[in-house]
Structure formats: structure tokens, C-alpha cells
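Taking it in order: structure first as C-alpha cells, then the write-up.
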Amino acid sequence: DTAVSQTPKYLVTQMGNDKSIKCEQNLGHDTMYWYKQDSKKFLKIMFSYNNKELIINETVPNRFSPKSPDKAHLNLHINSLELGDSAVYFCASSPRQGAGRDTGELFFGEGSRLTVL
Amino acid sequence: GENVEQHPSTLSVQEGDSAVIKCTYSDSASNYFPWYKQELGKRPQLIIDIRSNVGEKKDQRIAVTLNKTAKHFSLHITETQPEDSAVYFCAASFSGGYNKLIFGAGTRLAVHP
């Protein structure tokens with residue numbers, strides 16, 4: 001009954017490869033996010049989807065492509081992996097969005113640790 | 001720009017002491033300020049939050065204060081315990097169509113028995 005689940009938890013791959021991380025939430029939330037946490041623990045927003053629509057794109061390299069097939073799922077595909085992509089990627093969801101409304105609590109998944117060799 | 005600054009980056013206290021972490025934000029329109037705790041190898045989890053219509057909020061040993069004029073907010077933990085050891089993140093909600101949470105750089109709190 002995990003609220004926000006990500007797969008895989010660990011991913012080790014070579015430079016230049018393409019990889020995907022999947023995320024699913026069973027909380028009925030409309031909004032989902034991808035955050036990147038680097039080795040210094042800094043949490044940086046990458047993307048956000050609201051009801052399958054991309055609403056936030058934080059000038060992430062276009063090697064990163066999010067996809068939301070439905071509002072319960074948000075996947076992240078990364079092409080041509082680079083050393084600097086090594087990080088923990090957190091998926092999150094929140095129940096509220098829209099003009100004048102704040103995000104409310106973010107519910108994070110367990111994270112996917114990506115190591116690029 | 002959208003910025004949240006957090007201090008200190010590390011904090012070491014003795015069990016039973018108080019700990020204070022401070023954050024400042026750049027957008028005067030920000031209206032939501034949560035605090036997250038991240039234990040080693042775990043996900044960030046919300047511990048307390050405050051909205052701009054309130055100046056202070058308390059939940060047992062933790063409290064958050066907000067000064068909208070100065071654009072800063074603080075987390076106070078009293079009677080610290082070893083299990084409070086973790087990285088704490090402040091965040092502020094930035095508007096512009098759709099809101100997003102921008103996080104501070106984190107404070108690593110160590111509580112020594």
C-alpha cells in the first residue's frame with residue numbers, strides 16, 4: 001500500500017546509455033513531480049505534471065524526457081547519460097494545484113539512485 | 001529569482017538542547033513554507049508547515065515562525081533527541097501560474113547523546 005512508488009531503486013549504467021525510471025502514486029493526487037538530489041543533498045525541481053499536462057519544466061537538458069500516461073503515473077527517460085546525471089531522483093505527488101493555490105504537502109517516493117560510470 | 005537560503009549547513013547539539021534552523025526566501029508572494037526531514041537513505045518527509053496568514057505554528061517539540069516582512073522563517077526543535085538527527089530542508093512555494101516548491105540547501109543536524 002505504498003503511496004508513491006518508484007522503480008528501480010538502484011540503477012548503475014555506463015555513460016551514453018539510455019535509462020528510464022518509473023513512478024506511480026495511489027493517493028489520487030492530480031500533480032506529480034520529479035526532483036533531483038545531488039551528492040550535496042540539494043533537492044532541485046525538474047518537472048511537474050498536473051493531470052497529465054506538463055506545467056513546470058525547469059530548463060532541464062532535453063536529454064531528460066518526462067512522460068505521464070495518466071495522472072497516477074509519471075516516468076522519466078534519460079538519453080545519452082552523462083557522469084553529472086549521477087544523483088538520486090525523487091518522484092513526488094501533491095493533492096493541489098491551480099492559480100492561487102499552493103502545492104500543499106509533497107509526498108515523496110523512496111528515490112532512485114542513478115550511478116553513471 | 002527564485003531562491004531559498006538556509007543556515008546553518010551543519011548543526012551539532014547535545015541531547016536535550018534546542019536547535020534552530022533559519023531560512024530566507026526571495027519572492028514576497030510566497031505563501032507556503034514547509035519543513036522536511038530526511039533521514040539517511042530515506043525520502044524527505046513533511047514535519048511541519050506554515051502558511052502566510054499565520055506567524056507561528058507548534059507541534060509538540062517542533063515549531064515554525066514566519067516573518068513575512070523580513071521574508072524569513074525558522075524551525076525550532078526543543079529537547080532534541082538522537083532520533084532528531086537528520087537533514088532538514090526548508091522550502092517556499094513560488095507562484096507564477098502553477099506553484100512549485102523550491103528547497104533550501106539543507107541542514108545536517110547531529111544530536112549527540
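A, B, ... follow the sequence lines: proteins, then strands. Residue 1 opens every chain. Quick note: numbers below take in every heavy atom, side chains included, and nothing from hydrogens, waters or symmetry partners.
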Pick one of side chain, backbone, both or neither for [X], based on which atoms fall under 4.5 Å of a heavy atom in chain B.
| X | value |
| --- | --- |
| F108(A) | both |
| I45(A) | side chain |
| Y35(A) | side chain |

Legend entry - Exercise: identify the closest heavy-atom pair between F89(B) and Q37(A):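 Minimum heavy-atom contact is CZ-NE2, 3.5 Å.
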With a 4.5 Å cut-off on side-chain heavy-atom distances among I, L, V, M, F, W and Y, is there a chain of contacts connecting [X] to [Y]?
| X | Y | answer |
| --- | --- | --- |
| Y32(B) | Y33(A) | yes |
| V4(A) | V88(A) | no |
| I55(A) | I102(B) | yes |
| V20(B) | L66(B) | no |

Legend entry - Set of ring pair (Phe, Tyr, Trp, His ring centres under 6.0 Å) partners for Y49(A), sequence neighbours left out: none
Legend entry - Gap between atom OG of S48(A) and atom CG of L101(B) - 0.5 Å precision: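 If we round to the nearest 0.5 Å, L101(B):CG and S48(A):OG are 10.0 Å apart.
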Legend entry - Reported CG-to-NZ distance for the pair L40(B) and K41(A), which is rounded to 0.5 angstrom: 6.0 Å
Inset, instruction - Mark yes or no for whether Y36(B), through its side chain, and L106(A), through its backbone, hold a donor-acceptor pair below 3.5 Å. - result: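 A pair under 3.5 Å: yes.
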Inset, instruction - Salt-bridge test for E58(A) and K100(B): reply yes if a basic N is under 4.0 Å from a carboxylate O, no otherwise. - result: yes
Inset, instruction - Under the ring pair (Phe, Tyr, Trp, His ring centres under 6.0 Å) rule, what do F42(A) and F103(B) come out as? Steps first, then yes or no, please. - result: CA-CA 8 Å; F42(A) 189 59; F103(B) 285 83; 8.8 Å; no
With a 6.0 Å cut-off (strictly less than), is the heavy-atom count around [atom1] of [X], excluding the residue itself, greater than 12?
| X | atom1 | result |
| --- | --- | --- |
| K22(B) | NZ | no |
| K68(B) | NZ | yes |
| Q60(B) | CD | no |
| E79(B) | CD | no |

Legend entry - Among R108(B), Q38(B), R43(B), residue most engaged with chain A (heavy-atom pairs, under 4.5 Å):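 Counting heavy-atom pairs under 4.5 Å, the top option is R43(B).
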Inset, instruction - May I ask you to name which of A105(B), S30(B), G41(B), G106(B) has the most heavy-atom pairs under 4.5 Å with chain A? - result: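 When all of A105(B), S30(B), G41(B), G106(B) are compared, A105(B) has the most.
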Inset, instruction - Select one option (side chain, backbone, both, neither) describing which atoms of P44(B) are under 4.5 Å from chain A's heavy atoms. - result: both
Legend entry - Atom group of Q6(B) that falls short of 4.5 Å from chain A, counting heavy atoms: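 No part of it gets close to chain A.
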